[in-house]
Amino acid sequence: MTRCPAAPPGGPGLSHRVTVVLLGCLLLAGVRATAGVAILEFHPDKPLSRARRPAPVTAVVVNDGASDAEATVRLTVPASVRVKEGAVARTLRLGMNDGESAVTWTLEADAACEADLRVEVEAAGGPVASRTLRMRFEAPVEMRKLPYIPEPVPAPTEILVGAHHCPLWESDQANLWLNVLKHPERTPALGFYSQDNPEVSDWETKWAVEHGISFFVYCWYRDGQGGPVKMRFGSAIHDALFKARFADRLKFTIMWENQVRGRAGVADEHDLMVNLLPFWMENYFKNPGYLKVGNKPVLFIYRPEFLVDDLGGVTNVVRAFDRMRQACREAGFDGLHILGEYRGLDPRHLGHMKNLGLDASFAYCWPVPGSPPPAKAVEVQMGHIRRTQELGILPQVVTVSQAWSGWRDEGSIWKIPPAEFEGLLRQAKDFVATLPKDQLGARMLLLDNWNEWGEGHYLAPYREYGFGYLDAVRRVFSSAPAAHEDLIPEDIGLGPYDAAIRGHFARETELRRERTRRVVRPGAPDGLTGWWTFDEDDGASV
């Protein structure tokens, strides 16, 4: 441990001057991860880049060393890409107190491609850091200015194809994007958007229906039990979808996220029948856009087994479900489909769900252990689906999952690229065709997930694979022609939709830059990062 030097003699006396020394024992260079010149980031500046269009990329470098440095930053690109602006090699003077320095190049590709870029930093006569980036260039599209998003052109399907929809991306929830910052390849085509914007909803609707997706299953969060309904994360439905121009082009339903005990469920049967169900009935079930199958609204429940405690027993849950179905009939429907989430193969648990009076099971996602390669992830999922059916305990609605990482990259981490995902979709489609025709599962299939960016599963267009996953869905389920045009906001002069989140992270970046700076007076001990004395004489005294 570095020994702290003694404080200078003297004291404030009658003067207002105070001497404060922040010594190496408090701010040591060791809090930095590395010494010398390092590359902090290397990324495209746009969410998606198109061929025949300027595509900026930026490298952020920092001097972590104990002295100023001169470094050469060099970009290498393949023959399919050319550098339109910015010298390929640039020499920077990196002061030890300068913080971060950004170097930007503007690239262009003539055709859709994936290009491997490499940035290298040389200092003191040799290489000190490097980083690679696989950058995707989408097919060229003529830019034009339109007043609004063009009307969606639906891609028809024989069965209903739905996608779970994660509604966490509110304008004041920037922290939920933190795991995406660690994985810039996940950046959505809309950027770090605020979901309360109706225009965002219309882009999602256009992309969904043009690729064969029939409905979204919005995660729905209650905020407090036993009284009038309050919601959390409700802006995707109430502020965006309900006010969007294309709201009638895509069906929606909800998955009741009741896992937070005492807050997200119900206090008792009275609370369910007097507060919660009437809210759903008036706001959702009676909405023409709400998903009904056989004139029955479709309700998904995340933790149906928790209702046993909420309602005081299995028998009470059965009775409550029956009362909900009867209330729907009295409202003019033919009943209510109630589905419960389960992603396992325990016959006892499936039997328990059947005893609760559920109509079917579904999986929000499939657990695939061991961070497997894509082929294994496909095999495990289809194994779960087939085994669930073989058990014959409770009908199922099939879900297929694209990837998983967890919110903090914990546990098993895996991803199925679009080509392999298309194979999974074909297997799932063939399986659904074998289900009894009177079961709900014969009429629909669920995709996991439309936009769970933080948790690592998503199908909406994004930086790494563009529209790859959605195009796979279209090819498998729709009879629409394979050729079609996938638009992004930049193509027609709309957007951006991430002003609130960009502002937050711009402030965070500035704070990070300040944290990389060191304030050290000449002759300070080695290892000292900051030294402020606050004893300058400004002429004031007491």
Decide yes or no for [X] and [Y]: does some side-chain heavy atom of the first lie under 4.5 Å from some side-chain heavy atom of the second?
| X | Y | result |
| --- | --- | --- |
| Ser401 | Trp366 | yes |
| Pro184 | Arg463 | yes |
| Arg222 | Arg232 | no |
| Thr187 | Phe192 | yes |

Step-by-step ring-ring contact (aromatic ring centres under 6.0 Å, His included) determination, His164 to His457:
CA-CA 10 Å; His164 289 288; His457 43 141; 8.9 Å; no
For [Y], is there an ion pair with [X] - N to carboxylate O distance below 4.0 angstrom?
| X | Y | answer |
| --- | --- | --- |
| Arg50 | Asp491 | yes |
| Arg474 | Glu210 | no |
| Glu422 | Arg475 | yes |

Which heavy atom of [X] sits nearest to which heavy atom of [Y], and what is that distance?
| X | Y | value |
| --- | --- | --- |
| Gly265 | Asn258 | CA-CB, 4.2 Å |
| Tyr221 | Leu168 | OH-CD2, 3.9 Å |
| Asn179 | Gly454 | ND2-O, 2.9 Å |

Is Glu170 reaching over with its side chain to a backbone N or O of Gln173, donor-acceptor style, under 3.5 angstrom?
no
Pick out which of Ser194, Pro489, Ser171 makes a side-chain contact (heavy atoms from CB on, under 4.5 Å) with Tyr497.
Pro489
Going through the checks in order, is the salt bridge (Lys or Arg N to Asp or Glu O under 4.0 Å) test met by Lys182 and Asp409?
CA-CA 10 Å; Lys182 294 174 8 186; Asp409 297 338; 3.6 Å; yes
Rounded to the nearest 0.5 Å, what separation is found between the [atom1] atom of [X] and the [atom2] atom of [Y]?
| X | Y | atom1 | atom2 | result |
| --- | --- | --- | --- | --- |
| Leu241 | Phe216 | CG | CZ | 9.0 Å |
| Arg329 | Asp334 | CZ | CG | 9.0 Å |
| Trp256 | Ile338 | CH2 | CD1 | 10.0 Å |

May I ask you to decide if the ring planes of [X] and [Y] are parallel, tilted or perpendicular, using 30° and 60° as cut-offs?
| X | Y | answer |
| --- | --- | --- |
| Tyr342 | His349 | parallel |
| Tyr218 | Phe252 | perpendicular |
| Phe421 | Tyr469 | perpendicular |

Could you tell me whether Trp169 and Trp177 have their ring centroids closer than 6.0 angstrom?
yes
Hey, do the aromatic rings of Phe467 and Trp207 have their centres closer than 6.0 Å?
yes
Are more than 12 heavy atoms from other residues, nucleotides or ligands located less than 6.0 Å from atom CD of Glu142?
no
Check the pair Glu464 / Tyr462 against side-chain hydrogen bond (donor to acceptor under 3.5 Å, both in side chains), numbers first and verdict last.
CA-CA 6 Å; Glu464 183 179 28; Tyr462 75 111; 3.1 Å; yes
